[in-house]
Amino acid sequence: MITYLKMLAVLLLPLSFIANYYIIRGCKKLSKASSYDVFIICFCNWMIVLYAVTEILSLFQALSYEALSICWFLISAIFVFAACILSSNEIVYDFKNVIYKAFKEKNHLFEKCIILLLFILMTVVAILIPPYNYDSMVYHCTRVAHWAQNQSIAYFSSHTPEAVASPFLAEYINLNIYVLMLKHDHFLNLLQIFSYAISGVYVRALTKKLGGSIIFMNVAMLLFYSMPIAFMEAFTTQVDVFSCLIFLMFLYFIIDYWNQPLDILRSSNYKIELLCVAILTGIGYITKPSVCVSMAVIYLGIFVQMILNKEKPSRIVSVIAFFAAVILVMVFPEFYRNIITFGSLSPESVGHRQLVETGHPFYIFLNFTKNFMMNLIHRLTANNSIYLENALYFIASVLRINADSTAISENGRAFDLDINNPMKPNCDTSVNPLIFYSFIISGIILCKAFRKKRKISSTISRYYRETLLSIIVLFIILRWENYVTRYEISYLAMMCPLIAIIIEQIIDKKVHRIIAIGIISFLAFSDLLLLFVNDTRYQCVVSSASIDVILAISSPSINLPSQASCLFPAPCILHLHQ
């Protein structure tokens with residue numbers, strides 16, 4: 001009984017987050033900010049607090065249950081006290097509005113109940129499913145167990161470099177959860193589940209910001225929730241859905257700066273948004289650097305915009321310096337530890353394997369073609385993957401290059417798409433043809449509208465250009481393997497609002513819009529059904545990757561600075577789900 005009472009300390013994490021949200025709601029400068037804006041500001045503030053708590057306690061080798069519970073109790077107490085002073089009226093209003101009125105009002109009551117039921121079901125399943133997949137067992141969860149044992153996030157000895165030097169922020173959150181749960185792993189999947197749920201909300205919010213009506217906002221959200229790779233990843237301790245949420249929040253704020261002069265920074269609200277954008281960039285890098293490709297494309301667009309607006313060079317330099325300073329503060333701990341340990345900002349064995357290793361234009365083109373073709377697999381035509389494979393090797397023969405070169409294929413893997421079977425989606429190899437085909441068709445529709453010189457919102461056209469450029473750059477630099485769709489989640493999420501908004505604003509005839517919505521909704525719901533049915537098999541998963549975890553811990557071949565031995569009993573590694 002005492003053990004379970006002590007585990008309730010984990011509730012201090014969401015309590016501090018909620019209290020922080022109401023503190024920001026109570027700030028006079030943000031009185032007119034929407035709940036979406038307040039949530040992003042709250043997220044950035046809370047993440048900095050968690051980041052600081054973890055790093056500071058680590059310096060004293062004090063990442064223990066006692067230290068963390070005291071820290072989060074004090075933080076929660078301060079936040080709750082401040083929230084009650086600043087936002088007592090808002091707390092009472094939200095309690096009545098969300099909990100009472102939401103179900104008292106008959107409008108859409110059935111839909112609300114279904115969504116709530118599904119979310120509760122997914123949460124329960126996520127709690128019941130233990131960490132199981134290869135990456136989770138080899139380094140995502142392993143590093144958390146090491147840190148908890150060492151009571152420090154300092155590097156330790158391991159023959160798996162990813163367990164030491166891969167981006168860490170999501171594991172910082174799970175480390176706090178793991179320690180406060182007395183080293184039980186029941187809640188480690190919840191970070192991805194909550195990120196999945198909130199990401200769909202921000203896809204909907206982005207659609208609204210682009211000018212979409214409520215029907216098409218819901219279509220965009222449905223597209224995201226039916227994305228196989230996002231759904232399957234949500235039940236793991238990997239970080240791709242969490243990084244997707246970070247990117248969507250970044251995108252939601254940075255759109256406000258499109259086609260705007262720097263004079264808008266005289267407003268305190270825009271200054272706060274700008275700070276959050278910089279923080280989210282740093283957070284994105286230390287969570288999953290792949291999202292930074294699209295961020296870089298968007299930043300390039302902002303830079304070109306400032307040049308075209310003929311902004312003063314001094315102001316441009318000051319904005320760039322501000323961003324560089326904030327981002328550097330966020331990434332400094334990782335860079336420092338890597339330099340001390342590996343002599344570089346990032347070890348070659350971590351991250352570099354995912355990038356192409358050639359500048360030859362034919363190889364670059366073929367790598368792009370591989371990544372593009374893999375997204376064309378669908379389940380409406382049986383065995384269509386064989387035609388894509390043959391087409392790829394035909395192109396390679398015409399170009400007289402090796403299609404399976406290690407420069408464009410991880411470990412020289414053959415272009416075999418059988419593992420990416422759309423009828424058997426999983427958390428590593430799921431493909432997402434509905435969103436990808438819809439994006440291609442939407443692009444064709446938009447290009448036709450451009451040719452006809454139709455009046456199209458500059459924000460929508462820019463959103464399309466930067467989405468297209470982002471996915472092209474990613475496909476060029478990302479070395480192909482059967483598991484690359486994990487890196488595409490944020491890019492596919494970026495497509496969802498665009499697909500919905502093009503249907504609404506570019507397709508003229510109402511009948512055609514209804515048909516388009518009907519087809520997309522039917523396919524999305526059928527994908528969701530397949531995903532739910534397929535997900536039941538996770539209930540009895542027994543991961544063979546457990547063996548790799550034991551090997552990773554018991555046979556270190558990289559000697560790194562460590563406060564404690566990296567050896568500890570296998571039961572602590574395999575599973576603490578009881």
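When a residue number appears, it is its place in the shown sequence, counting from 1.
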Going from CG on Leu191 to CD1 on Ile177, what distance comes out if it is rounded to the nearest 0.5 angstrom?
6.5 Å

Between Trp46 and Tyr21, is there a side-chain heavy-atom distance shorter than 4.5 Å?
no

Given the ring of Tyr178, does Lys183 sit roughly above its face, with NZ or CZ under 6.0 Å from the centre of the six-membered ring and within 45° of the axis?
no

Strictly by modelled atom types, are His140 and Gln238 linked by a side-chain donor-acceptor pair under 3.5 Å?
no

Exam field: side chain Asn189 to backbone Ile127, donor-acceptor pair closer than 3.5 Å:
no

Salt-bridge test for Glu55 and Arg337: reply yes if a basic N is under 4.0 Å from a carboxylate O, no otherwise.
yes

When rounded to the nearest 0.5 angstrom, what is the spacing between CD1 in Ile279 and CD1 in Ile327?
10.5 Å

Would you find a donor on one side and an acceptor on the other, under 3.5 Å apart, between the side chain of Ser87 and the backbone of Gly26?
yes

Distance only, no hydrogens: is a donor on one side chain within 3.5 Å (strictly under) of an acceptor on the other, for Asn133 and Thr236?
no

Check against side chain to side chain donor-acceptor pair (under 3.5 Å), Glu504 and Ser213
CA-CA 8 Å; Glu504 180 177 15; Ser213 62; 2.8 Å; yes

Nearest heavy-atom pair of Leu528 and Tyr196: which atoms, and what distance?
CD2-OH, 4.4 Å

Against the six-membered ring of Phe242, is Lys288 placed for a cation-pi contact (under 6.0 Å from the centre, within 45° of the normal)?
no

Determine, for Arg315 against Asp263, whether the closest basic-nitrogen to carboxylate-oxygen distance falls under 4.0 angstrom.
yes

Heavy atoms of Asn20 and Cys42 approach each other most closely as ND2-O, 3.1 Å

Any sub-3.5 Å donor-acceptor pair from Glu311's side-chain atoms to Leu262's backbone N or O?
yes

Applying ring-ring contact (aromatic ring centres under 6.0 Å, His included), run through Tyr299 and Tyr257 and close with a yes or a no.
CA-CA 11 Å; Tyr299 278 136; Tyr257 297 89; over 10 Å; no

Could you tell me which non-hydrogen atom of Gly211 sits nearest to which non-hydrogen atom of Ile501, and how far apart they are?
C-CD1, 3.6 Å

Take Phe235 and Ile193 through the side-chain contact (heavy atoms from CB on, under 4.5 Å) test and state the conclusion after the steps.
CA-CA 6 Å; Phe235 294 93; Ile193 280 288; 3.8 Å; yes

If I take atom CG from residue Leu248 and atom OG from residue Ser199, how far apart are they, to the nearest 0.5 angstrom?
5.0 Å

Parallel, tilted or perpendicular, as decided by the 30° and 60° cut-offs, for the rings of Phe39 and Tyr202
tilted

Given side chains that start at C-beta, do those of Leu498 and Tyr464 come closer than 4.5 Å, heavy atoms only?
yes

Any donor-acceptor pair under 3.5 Å linking the side chain of Lys209 with the backbone of Tyr252?
yes

Heavy atoms of Asp37 and Ala33 approach each other most closely as CB-CB, 4.0 Å

Under 3.5 Å, is there a donor-acceptor pair between the side chain of Glu162 and the main chain of Val138?
no

Worked check of ring-ring contact (aromatic ring centres under 6.0 Å, His included) between Tyr22 and Phe79
CA-CA 9 Å; Tyr22 281 104; Phe79 281 5; over 10 Å; no

Begin from the C-alpha positions of Leu68 and Leu63 and carry the test side-chain contact (heavy atoms from CB on, under 4.5 Å) through to its verdict.
CA-CA 6 Å; Leu68 279 176; Leu63 284 171; 4.2 Å; yes

Below 4.5 Å, heavy atoms only, C-beta onward: do Ile229 and Asp428 meet side chain to side chain?
no

Name all residues meeting the ring pair (Phe, Tyr, Trp, His ring centres under 6.0 Å) criterion together with Tyr285; count only those two or more places apart in sequence or in a different chain, and write none if there are none.
Phe335

Could you check if a side-chain atom of Val291 sits within less than 4.5 angstrom of a side-chain atom of Tyr487, using non-hydrogen atoms only?
no

Sub-4.5 Å side-chain heavy-atom contact between Val49 and Trp72
yes

Looking only at heavy atoms, what is the nearest atom pair of Arg204 and Asn218, with distance?
NE-OD1, 2.9 Å

CD1 of Ile2 to CE of Met7, rounded to nearest 0.5 Å, is 14.0 Å

Taking the side chain as every heavy atom from C-beta outward, state whether Ile435 and Ile499 have any pair of such atoms under 4.5 Å apart.
yes

Are the side chain of Thr485 and the backbone N or O of Ser430 linked by a donor-acceptor pair below 3.5 Å?
yes

Side-chain touch Tyr51/Ile286, heavy atoms, less than 4.5 angstrom
yes

Between Trp147 and Ser152, is a side-chain contact (heavy atoms from CB on, under 4.5 Å) present by the stated rule, with each step listed?
CA-CA 5 Å; Trp147 292 339; Ser152 169; over 6 Å; no

Rounded to the nearest 0.5 angstrom, the OG1-CG distance for Thr459 and Leu210 is 7.5 Å

Can you find a heavy atom in the side chain of Ser195 that is under 4.5 Å from one in the side chain of Cys244?
no

Counting only N and O atoms by type, is there a donor-acceptor contact under 3.5 Å from the side chain of Ser267 to the main-chain atoms of Ile264?
no

Would you say Thr287's side chain and Leu169's backbone share a donor-acceptor pair under 3.5 angstrom?
no

Donor-acceptor pair, Gln305 side chain versus Asn259 backbone, under 3.5 Å?
yes

Atom CE in Met495, atom CG in Asn432: separation rounded to 0.5 Å?
9.5 Å

Which word best sums up how the rings of His146 and Phe156 line up, parallel for under 30°, tilted for 30 to 60°, or perpendicular for over 60°?
parallel

Check this for me: Ile215, atom CD1, are more than 12 non-hydrogen atoms of other residues, nucleotides or ligands nearer than 6.0 Å?
no

Evaluate the side-chain contact (heavy atoms from CB on, under 4.5 Å) criterion for residues Leu206 and Ile255: first the C-alpha distance (whole Å), next the side-chain angles of each, then the deciding distance (0.1 Å), finally the verdict.
CA-CA 9 Å; Leu206 278 166; Ile255 284 178; 3.6 Å; yes

Work out which heavy atom in Ser226 is nearest to a heavy atom in Asp527; give both atom names and the distance.
O-CB, 3.9 Å

Please check: side-chain N/O of Thr281 versus main-chain N/O of Val277, any donor-acceptor pairing under 3.5 Å?
yes

Within 6.0 Å of CZ in Phe73, more than 12 heavy atoms from elsewhere
no

Is the shortest distance from a Lys or Arg side-chain nitrogen in Arg143 or Glu171 to a carboxylate oxygen in the other one below 4.0 Å?
yes

